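Quick notes on the structure that follows.
The shown structure was predicted, so the numbers you read here are calculated from the model rather than taken from an experiment.
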Amino acid sequence: MREETLTREEILTNIAPTLCRNDVWLECEPGWDFILHDLFKQLEHLVQTSQCFHDCPEDELPYVSEIKEKFGSLRVYLSSETVQMSNLICDAEKMTETICEACGNPGTMRSRHRWLSVRCDACWLENQ
């Protein structure tokens with residue numbers, strides 16, 4: 001029997017079903033997935049436990065509007081967020097400035113044809 005493989009988006013939806021209740025598209029490479037998984041576990045916990053969301057109808061709870069790479073680092077946009085959620089997102093985005101977007105190893109911000117990306121030496125050389 002063949003085991004079904006989940007897409008990256010499906011894994012994130014399983015981690016954070018409330019935040020990812022609408023279609024989620026990852027516009028970044030898989031090297032940052034471990035950062036996203038940790039971030040979304042924390043964000044989902046805040047949505048589920050925060051008093052400010054306690055009496056909100058489900059359709060008014062925060063949801064993911066965009067996840068992408070921009071100017072070489074991660075960007076996560078939610079429909080609404082608390083200060084605590086914003087701080088978690090900011091911390092995760094900062095982490096990606098030194099993690100290879102392709103493989104997840106330590107990396108450096110690099111520029112190719114004016115396009116910024118964080119790559120480790122091996123991934124950088126592979127794409128040259």
Is it the case that the side chain of Ser79 and the backbone of Tyr63 share a donor-acceptor pair, with hydrogens and angles ignored and the cut-off at 3.5 Å?
yes

Assess, by modelled atom type and distance only, whether the side chains of Thr18 and Glu44 contain a donor and an acceptor separated by less than 3.5 Å.
yes

Arg21 side chain to Leu61 backbone, donor-acceptor under 3.5 Å
yes

Check: Asp33 and Arg8 side chains under 4.5 Å, non-hydrogen atoms
yes

Quick one: CG on Leu74 to CD on Glu97, what's the gap to the nearest 0.5 Å?
10.0 Å

Does any part of the side chain of Glu69, heavy atoms only, come nearer than 4.5 Å to the side chain of Arg75, both counted from C-beta?
no

Give a yes or no on whether Leu39 and Met95 share a hydrophobic cluster (residues Ile, Leu, Val, Met, Phe, Trp, Tyr; joining criterion: side-chain heavy atoms under 4.5 Å apart).
yes

Set of side-chain hydrogen bond (donor to acceptor under 3.5 Å, both in side chains) partners for Glu29, sequence neighbours left out:
Arg119

Taking it one step at a time, do Asn14 and Glu10 satisfy side-chain hydrogen bond (donor to acceptor under 3.5 Å, both in side chains)?
CA-CA 6 Å; Asn14 288 341; Glu10 289 169 331; over 6 Å; no

On a heavy-atom basis, the closest approach of Glu101 and Trp32 is CA-NE1, 3.5 Å

Verify side-chain contact (heavy atoms from CB on, under 4.5 Å) between Phe40 and Val76, making sure each step is shown before the conclusion.
CA-CA 10 Å; Phe40 276 81; Val76 175; 4.0 Å; yes

State, to 0.1 Å, how close Leu12 and His37 come at their nearest heavy-atom pair, and which atoms those are.
CD1-CD2, 4.0 Å

Hey, could you give me the CD/NE2 distance between Gln48 and His54, rounded to the nearest 0.5 Å?
12.0 Å

Take Ile35 and Ile99 through the test side-chain contact (heavy atoms from CB on, under 4.5 Å) and record every step on the way to the result.
CA-CA 10 Å; Ile35 296 169; Ile99 303 292; 4.0 Å; yes

Show the numbers, then the answer: is there a side-chain contact (heavy atoms from CB on, under 4.5 Å) between Trp124 and Thr108?
CA-CA 9 Å; Trp124 180 251; Thr108 304; over 6 Å; no

Using the rule given for side-chain contact (heavy atoms from CB on, under 4.5 Å), can you reason through Tyr77 versus Lys68, listing the C-alpha separation, both sets of side-chain angles and the distance that settles it, and then say yes or no?
CA-CA 9 Å; Tyr77 301 103; Lys68 66 181 183 178; 3.9 Å; yes

Check: Ser117 main-chain N/O paired with Arg112 side-chain donor or acceptor under 3.5 Å
no

Between Leu36 and Cys28 the two heavy atoms that sit nearest each other are CD1-SG, 4.1 Å

Nearest heavy atoms of Ile15 and Lys41, plus distance in Å
CG2-CG, 3.5 Å

Just so I know, are the side chains of Cys120 and Cys103 near enough to count as touching, which here means a heavy-atom distance under 4.5 Å?
yes

Atom of Leu78, atom of Leu43 and distance for their closest heavy-atom approach:
CD1-CD1, 4.4 Å

Do Pro106 and Thr98 make a side-chain contact, defined as non-hydrogen atoms from C-beta onward lying under 4.5 Å apart?
no

To the nearest 0.5 Å, tell me how far Ser111 OG sits from Phe71 CZ.
12.0 Å

Between Ser73 and Thr96, is there a donor-acceptor pair closer than 3.5 Å when you use the side chain of the first and the backbone of the second?
no

Answer yes or no: are there more than 12 heavy-atom neighbours, outside Gln84 itself, under 6.0 Å from its atom CD?
no

Which heavy atom of Glu9 sits nearest a heavy atom of Leu26, and at what distance?
OE2-N, 3.3 Å

Say you draw a straight line from OG of Ser65 to CG of Leu19; how long is it, rounded to the nearest 0.5 Å?
10.5 Å

Do Val24 and Ile67 come close enough that some side-chain heavy atom pair is under 4.5 Å?
yes

